[in-house]
Each structure stands twice: as structure tokens, then as C-alpha cells.
Colleague: 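Please find one structure pasted underneath; my questions will follow.
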Protein chains: 2
Amino acid sequence: MDHWDAMEVLKDVNLRATPQRIAVLNVLKMLGQAHPTAEEIYVALKQEFPAISFATVYNTLKSFLDAGLLHELRFGDKASRYDLNTQAHHHLLCEVCGDLIDIYLPEVDVAQVLREHEFAMSGYHVEIRGVCKTCREHTLHKADTHL
Amino acid sequence: MDHWDAMEVLKDVNLRATPQRIAVLNVLKMLGQAHPTAEEIYVALKQEFPAISFATVYNTLKSFLDAGLLHELRFGDKASRYDLNTQAHHHLLCEVCGDLIDIYLPEVDVAQVLREHEFAMSGYHVEIRGVCKTCREHTLHKADTHL
DNA sequence: CTAGCTGCAAAGGGTTTGCGGAATG
DNA sequence: CATTCCGCAAACCCTTTGCAGCTAG
């Protein structure tokens with residue numbers, strides 16, 4: 001996970017190690033907690049691959065999604081964001097600036113509800129909405145929030 | 001909440017009680033846990049208002065969202081779903097049939113994480129992914145799920 | 001009466017797809 | 001070398017917007 005070989009990661013999931021895919025992985029790794037959109041990835045790749053197209057970015061992301069290398073996050077706004085972090089984690093979403101912050105929570109107790117509904121869980125995600133520190137300092141107040 | 005007057009609900013949030021809006025509210029109320037998409041609402045309204053357009057449906061939903069009458073839910077698939085239920089509740093999302101089931105969970109302990117990040121929460125939502133009872137019975141097995 | 005709404009059509013933004021040519025394993 | 005992938009462009013889908021006429025309060 002630390003000295004990280006993109007080619008190995010790709011081989012592990014049976015995807016061809018093309019330069020573009022390696023670059024996408026590295027961009028995702030590098031941007032880390034930034035949860036980039038397809039466009040942000042595209043822009044980052046443009047430097048190394050001036051000829052790259054959106055189609056390639058989306059194709060690549062789709063391959064990675066199918067392979068389980070990353071997660072797709074969608075919120076009220078338009079564009080999907082992509083998250084390489086595979087550890088169980090959750091998100092704070094700032095409704096002012098749109099920033100997305102990774103958080104780690106104690107396990108939520110869902111056993112009862114799963115039993116009730118006879119539902120086989122593969123995972124869960126907690127999304128907390130509100131206003132981040134920076135935006136609160138700038139706007140100074142906002143109604144109906146309870147810290 | 002039970003003998004339900006759509007006109008009153010609209011008046012309460014300062015929206016004009018037009019026939020279309022009343023109908024949208026009633027459709028949402030009727031479809032209840034079905035979490036319809038804009039298109040499903042449109043189709044349901046078509047019967048009563050053959051001339052209705054998507055624009056009206058989206059405009060109406062937007063008004064309701066701004067007024068806090070409903071929530072917009074987005075998942076991996078394309079279209080947003082709309083949820084009239086304003087009580088704090090969460091969702092089971094079946095990855096096979098796409099069905100969305102309302103659930104009620106004990107409160108998640110987020111105080112620590114909010115303090116850490118100095119984040120002012122306005123709400124949170126837990127989404128549990130997996131396979132619902134019906135789909136499990138039909139497919140009979142699925143890997144990497146832990147009940 | 002008049003602010004605000006409807007319906008139409010067209011545009012918008014993000015994502016997907018078909019195809020010929022190129023590169024991987 | 002066969003398969004898979006890339007890049008281009010066009011298509012697609014969901015959603016939004018501008019505008020003219022209508023309607024609720």
C-alpha cells in the first residue's frame with residue numbers, strides 16, 4: 001500500500017497495464033482525499049497525455065469500478081467523484097463549499113435491521129451533511145444546524 | 001399527517017396550491033416507500049394531466065426541495081429519486097434490483113468526529129448496500145457478503 | 001390585478017458508445 | 001498476433017432554462 005506499484009495493482013485485477021491506466025491510478029493516489037471528479041482527473045492527465053480524451057477517463061474509471069479498485073460517490077451536485085480509498089470510511093459533506101472530508105466512525109449497529117429485512121449487506125456508507133469549519137468561519141452563522 | 005391536506009401543506013411553506021402541485025404531493029404520498037424518479041412521477045401525473053411536462057415536474061420538485069418537503073436521493077444509477085418521508089430514516093439499497101427500502105436505525109454516534117473536524121451537522125444519512133431478500137432467493141448466492 | 005406558475009422547446013452538463021487505428025501481453 | 005484499449009465524435013440521458021400565456025390568491 002505504501003511503495004505502490006500501479007502495474008501490480010492492475011495485474012491483480014486482470015486489467016492491462018496501459019500508461020493511461022497507470023497514470024489514472026497515480027493521479028487518484030496522489031489526489032488522495034480530494035475525491036476528484038472525472039474532469040479533474042482528465043485535467044491532471046492532460047499534462048502527461050495531451051491527447052487523452054474524456055472517453056478514456058470514463059472507460060478507465062468504469063474498469064476500475066468493475067474491478068472494485070475504487071468507489072463512485074454522488075451527491076446533490078452533478079458530477080460523480082471517485083475515491084480510491086478502499087478502507088471502510090465515511091464522509092462529511094460541506095453544503096457550502098462542496099468539500100468532502102474522509103472520516104472514520106465506530107461501527108454502526110445494523111445487525112438488527114439486517115435481520116429484520118433479511119438483507120445481505122455488502123457495505124454501508126454514512127454521509128454527514130452540514131457546514132465545515134472554514135465555511136462557518138466565513139459565513140459566521142447558519143440556521144437549523146446542531147453541532 | 002394522516003388525513004392529509006395537500007393544500008394545507010403547500011400553504012404552510014408558502015407555495016401556491018396549484019392542481020399540479022397538489023397532484024405531485026399526492027403521488028409522492030401514494031407511492032410512499034417507492035421513492036419514485038421524476039419520470040415515474042411524470043407518468044403518474046400524465047393520467048390526470050395529459051398536458052403536463054417534465055419541466056413542471058422538475059420545477060415542482062425543486063420548489064418542494066427548497067421548501068424542505070422532500071429529499072433527493074442519488075445513487076450509482078442515473079435518475080434522482082424523491083422521498084417525501086421527512087422523519088430521520090435511512091436506506092437499504094439492493095444492488096441487484098435497485099430497490100430502496102426505508103429503515104430506522106438507532107442514532108449513530110458522530111459527536112466525536114464532529115468535534116474533531118469542527119463540523120456543524122445538519123443531518124446524516126446511512127446507506128446500506130447489498131442484496132435484498134427477494135433477489136437472494138432468486139439468485140441463491142452471491143460472494144463477499146456478510147449477513 | 002399581478003406575482004408566480006405551467007407548458008413547450010431547446011439547450012445544458014455529465015456520461016456512454018461506435019468505430020478505426022494503436023498498443024499490450 | 002489476438003485481444004484489448006485509446007481517441008475522436010456523436011449520441012444519450014437527465015435536468016434546467018427562456019419565454020409566452022395562464023391562474024391562484
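Naming convention: chains lettered A, B, ... in sequence-line order (proteins, then strands); numbering from 1 in each chain. Everything numeric here is computed off the predicted structure, so don't read it as measured data. In what follows, every heavy atom counts, from backbone to side chain, and hydrogens, waters and symmetry copies are set aside.
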Colleague: Which residues pass the side chain to side chain contact (heavy atoms under 4.5 Å, CB included) test with B:K11, sequence neighbours left out?
Modeller: none
Colleague: Tabulate below the donor-acceptor pairs under 3.5 Å that side-chain atoms of residues 12-27 of chain A make, not counting sequence neighbours, or state none.
Modeller:
residue: A:T18; atom: OG1; partner: A:R21; partner atom: N; Å: 3.3
residue: A:R21; atom: NH1; partner: A:R16; partner atom: O; Å: 3.2
residue: A:N26; atom: ND2; partner: A:I22; partner atom: O; Å: 3.3

Colleague: I'd like to check the ring pair (Phe, Tyr, Trp, His ring centres under 6.0 Å) partners of B:Y124; sequence neighbours left out, ordered by chain and number.
Modeller: B:H90
Colleague: Do any of residues 51-63 of chain A sit with a heavy atom less than 4.0 Å from DNA chain D, and if so which?
Modeller: A:A51, A:I52, A:S53, A:A55, A:T56
Colleague: Rounded to whole angstroms, how far apart are OH on A:Y82 and C1' on C:dG14?
Modeller: 9 Å
Colleague: Would you kindly give the CD-to-C1' distance between B:E72 and D:dT15, to the nearest whole Å?
Modeller: 10 Å
Colleague: Does some side-chain heavy atom of A:I103 sit less than 4.5 Å from a side-chain heavy atom of B:F119?
Modeller: no
Colleague: Do any pairs count as a salt bridge (Lys or Arg N to Asp or Glu O under 4.0 Å) and have a residue in residues 125-134 of chain A, sequence neighbours left out, and if so which ones?
Modeller: A:E127-A:R129, A:K133-B:E118
Colleague: I'd like to check the side chain to side chain contact (heavy atoms under 4.5 Å, CB included) partners of B:A111; sequence neighbours left out, ordered by chain and number.
Modeller: B:D109, B:R115
Colleague: Can you list the residues that meet the side-chain hydrogen bond (donor to acceptor under 3.5 Å, both in side chains) rule with B:E107, with sequence neighbours excluded?
Modeller: none
Colleague: Once each nucleotide of nucleotides 20-25 of chain D is scored for protein heavy atoms under 4.0 Å, what B/S/- sequence comes out, 5' to 3'?
Modeller: ---BBS
Colleague: For the helix from C:dC1-D:dG25 to C:dG25-D:dC1, how many degrees between its two end axes (five pairs per end), to the nearest 10°?
Modeller: 50°
Colleague: By the 4.0 Å heavy-atom rule, please label B:E39 as base, sugar-phosphate, or nothing.
Modeller: nothing
Colleague: In whole angstroms, how far is the C1' atom of D:dT15 from the NZ atom of A:K78?
Modeller: 7 Å
Colleague: Rounded to whole angstroms, how far apart are CD on A:Q20 and C1' on C:dA22?
Modeller: 10 Å
Colleague: Round to the nearest Å and state the distance from B:F75 atom CZ to D:dC14 atom C1'.
Modeller: 17 Å
Colleague: Restricting to side-chain hydrogen bond (donor to acceptor under 3.5 Å, both in side chains), what partner residues turn up for A:Y58, sequence neighbours left out?
Modeller: none
Colleague: Output all residues satisfying side-chain hydrogen bond (donor to acceptor under 3.5 Å, both in side chains) with A:H125, sequence neighbours left out; order by chain, then residue number.
Modeller: A:H91
Colleague: Can you give each donor-acceptor pair under 3.5 Å made by side-chain atoms of residues 65-72 of chain B, sequence neighbours left out, with the distance rounded to 0.1 Å?
Modeller:
residue: B:E72; atom: OE2; partner: B:S80; partner atom: OG; Å: 2.9

Colleague: Whole Å only: how far is the CG atom of A:L45 from the C1' atom of D:dC6?
Modeller: 13 Å
Colleague: Between B:F49 (CZ) and C:dC5 (P), how many Å, whole number?
Modeller: 16 Å
Colleague: Heavy atoms under 4.0 Å, any strand shown: does A:S80 hit a base, just sugar-phosphate, or nothing?
Modeller: sugar-phosphate
Colleague: Roughly how many Å is it from CD1 in B:I41 to P in D:dC14, rounded to a whole number?
Modeller: 14 Å
Colleague: Nearest 0.5 angstrom please: B:H117 NE2 to A:C94 SG, how far?
Modeller: 13.0 Å
